[in-house]
Amino acid sequence: MALADSARGLPNGGGVSPASGSGAAGSGAAAAAGGWASFPEIVELNVGGQVYVTRRCTVVSVRDSLLWRMFSQQQPSELPRDSKGRFFLDRDGFLFRYILDYLRDLQLVLPEHFPERSRLQREAEYFQLPDLARRLAQARAAAAARPAALHRDGSLCADEPPPPPLLGYLEAESLEGGGGAAAASAPSPTASRSPSGGPLLTPSQSLDGAAGRRSGYITIGYRGSYTIGREAQADAKFRRVARITVCGKTALAKEVFGETLNESRDPDRPPERYTARYYLKFNFLEQAFDRLSEAGFRMAACSSTGTCAFAPEQGGPADDKIWTSYTEYVFCRD
């Protein structure tokens with residue numbers, strides 16, 4: 001729907017006022033030509049605190065849009081500026097990057113599972129980009145027609161099928177009970193109970209099949225120390241790991257580590273909640289890595305910090321150095 005100039009949100013009520021007579025039309029054309037020539041080739045924009053630098057031909061690429069009217073129908077002195085002389089727009093600075101991308105080649109390319117389509121459509125309507133607004137409306141309608149699923153972070157996404165439910169041992173046993181003798185003879189993956197008395201959750205499928213697995217992240221952390229003697233001679237005491245901590249969703253941690261997971265510091269945690277208080281009953285990092293690998297996890301990132309102190313400060317030999325480090329490994333399963 002066409003809007004009057006006063007409703008277009010132009011700074012200082014910009015635009016050429018309608019007037020009767022050829023003299024007014026001629027003066028308007030002259031003003032437009034003067035404004036076109038007055039702007040620099042490289043334009044700096046401050047959009048909601050985000051700074052963008054682009055060519056003026058980019059911002060005026062869509063005729064009759066708000067930016068086209070600002071940078072071709074007005075003079076630079078008529079537009080608001082910030083303290084550093086950049087042209088100022090009081091809009092969403094994050095979403096403007098997609099507006100600018102569209103103006104460059106008139107193509108709509110958004111990240112996968114983009115959650116801001118409705119807000120971006122509002123920005124497109126404000127900047128008077130009808131083709132972009134139409135494409136976004138069609139994308140929203142198509143997304144609404146598909147069943148919504150939950151992202152890993154809990155946000156809604158219409159582009160993925162919903163994940164299968166994660167069954168507890170008692171539920172899986174009851175479902176298997178209707179399958180006859182074959183189901184009764186099949187060993188369940190985990191038949192033990194957690195220290196809190198509840199059923200220990202099992203994988204949604206066996207560890208041999210990737211289909212139906214719940215995706216997510218698990219972080220393994222440990223604080224270790226080792227001692228190096230003078231000039232790194234042979235009497236070094238190698239890595240000593242006090243405790244391996246497990247952070248992540250409760251259901252995933254129980255699925256991977258089972259009975260080797262110590263839940264005493266955070267008992268009765270619901271399956272879909274997250275925890276950073278679990279730790280393992282063993283002290284071998286490689287054993288934890290093997291379990292994660294067998295469950296289909298791969299290492300995504302790691303980080304470590306370390307400190308060094310002379311042993312006398314810790315009550316040890318005078319020439320020894322004690323190194324202490326804290327390391328985290330992030331594992332993910334898609």
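Heavy atoms only: backbone and side chains are in, while hydrogens, waters and symmetry mates are out.
In this structure, Leu67 and Phe127 have side chains that are in contact, with non-hydrogen atoms separated by less than 4.5 Å. Proximity of Glu123 to Arg119: side-chain heavy atoms (C-beta onward) are nowhere separated by under 4.5 Å. Side chains of Phe39 and Val60 form no contact here, defined as non-hydrogen atoms less than 4.5 Å apart. Counting heavy atoms from C-beta on, the side chains of Ile99 and Tyr102 never come closer than 4.5 Å. For the pair Ser72/Arg63, no side-chain contact is recorded, criterion being any heavy-atom separation below 4.5 Å from C-beta on. With contacts defined as side-chain heavy-atom distances shorter than 4.5 Å, the pair Gln50/Arg97 does not qualify. Two residues are said to be in side-chain contact when any heavy atoms from C-beta on lie closer than 4.5 Å; Cys332 and Arg298 meet this criterion. Using a 4.5 Å heavy-atom threshold, the side chains of Asp64 and Gln128 count as separate.
Of the candidates Ile218, Leu252, Leu292, Arg333 forms a side chain to side chain contact (heavy atoms under 4.5 Å, CB included) with just one, namely Leu252. Exactly one residue among Val246, Asn262, Ile244, Thr245 makes a side chain to side chain contact (heavy atoms under 4.5 Å, CB included) with Tyr278. That residue is Val246.
Judged by distance alone, with hydrogens and angles left aside, the side-chain atoms of Thr250 form a donor-acceptor pair with the main-chain N or O of Arg273 at under 3.5 Å. Using modelled atom types, no side-chain atom of Thr324 and backbone atom of Thr307 make a donor-acceptor pair closer than 3.5 Å. Here the side chain of Ser293 pairs no donor or acceptor atom with the backbone of Asp290 at under 3.5 angstrom. A donor-acceptor pair under 3.5 Å is formed between the side chain of Arg291 and the backbone N or O of Val256.
Tyr222 and Tyr326 fall into different hydrophobic clusters, where Ile, Leu, Val, Met, Phe, Trp and Tyr residues are linked whenever their side-chain heavy atoms come under 4.5 Å apart, directly or through other members. Linking Ile, Leu, Val, Met, Phe, Trp and Tyr whenever their side-chain heavy atoms come within less than 4.5 Å puts Leu100 and Leu110 in one cluster. Hydrophobic clustering, with ILVMFWY side chains joined whenever heavy atoms are under 4.5 angstrom apart, keeps Val43 apart from Val51. By the criterion of side-chain heavy atoms lying less than 4.5 angstrom apart, applied directly or through intervening Ile, Leu, Val, Met, Phe, Trp or Tyr residues, Phe297 is grouped together with Met299 in one hydrophobic cluster.
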Output, in order, the C-alpha distance, side-chain angles, deciding distance and verdict of side-chain contact (heavy atoms from CB on, under 4.5 Å) for Val62 and Leu106.
CA-CA 9 Å; Val62 177; Leu106 302 183; 3.6 Å; yes
Tell me, with the steps shown, if Arg214 and Glu272 meet salt bridge (charged side-chain N to carboxylate O under 4.0 Å, His left out).
CA-CA 11 Å; Arg214 179 75 55 96; Glu272 297 303 312; 3.2 Å; yes
Apply salt bridge (charged side-chain N to carboxylate O under 4.0 Å, His left out) to Arg135 and Asp131, showing your working.
CA-CA 6 Å; Arg135 296 187 191 184; Asp131 182 64; 3.0 Å; yes
Test salt bridge (charged side-chain N to carboxylate O under 4.0 Å, His left out) applied to Lys281 and Glu259, step by step
CA-CA 9 Å; Lys281 298 178 181 178; Glu259 291 181 340; over 6 Å; no
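Between Leu129 atom CG and Ser65 atom OG the span is 5.5 Å, to the nearest 0.5 Å. For the atom pair Thr58 OG1 and Arg104 CZ, the distance stands at 6.5 Å (nearest 0.5 Å). Note: Glu125 CD to Leu120 CG = 10.0 Å, rounded to the nearest 0.5 Å. For the atom pair OG1 (Thr54) and CD (Glu41), the distance works out to 9.5 Å, reported to the nearest 0.5 Å. Expressed to the nearest 0.5 Å, how far CZ of Phe114 lies from CG of Leu136 amounts to 8.0 Å. Note that NZ of Lys249 is 8.0 Å distant from OG of Ser215, once rounded to the nearest 0.5 Å.
Using the six-membered ring where Trp is involved, Phe257 and Phe282 have ring planes that are tilted, between 30° and 60° apart. Between Phe331 and Tyr329, the ring planes lie tilted relative to each other; the angle falls in the 30° to 60° range.
The two atoms that bring Thr327 and Ser304 nearest to each other are OG1-OG, 2.9 Å, heavy atoms only. Nearest approach of Asp101 to Asp105, heavy atoms of both residues: O-OD1, 3.2 Å. Scanning all heavy atoms of the two residues, the minimum distance from Arg140 to Ser118 falls at CZ-CB, 3.6 Å. When all heavy atoms of Ala124 and Ala133 are compared, the closest pair comes out as CB-N, 3.9 Å. The minimum heavy-atom distance between Phe94 and Tyr52, with the atom names listed, is O-OH, 4.0 Å. Of all heavy-atom pairs between Leu79 and Met70, the closest is CD1-O, 3.7 Å.
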Identify all side-chain donor-acceptor contacts of residues 83-90 below 3.5 Å with residues at least two apart in sequence or on another chain.
unit_1 : atom_1 : unit_2 : atom_2 : d
Arg86  : NE     : Asp82  : OD2    : 3.0
Arg86  : NH2    : Asp82  : OD2    : 3.4

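Between the side chains of Thr219 and Glu328, no donor-acceptor pair of N or O atoms lies under 3.5 Å.
Within 6.0 Å of atom CZ in Arg55, 12 or fewer heavy atoms from other residues, nucleotides or ligands are found, so the atom counts as exposed in its surroundings.
Both the sub-6.0 Å distance and the 45° axial angle are satisfied by Arg243 relative to the ring of Tyr279.
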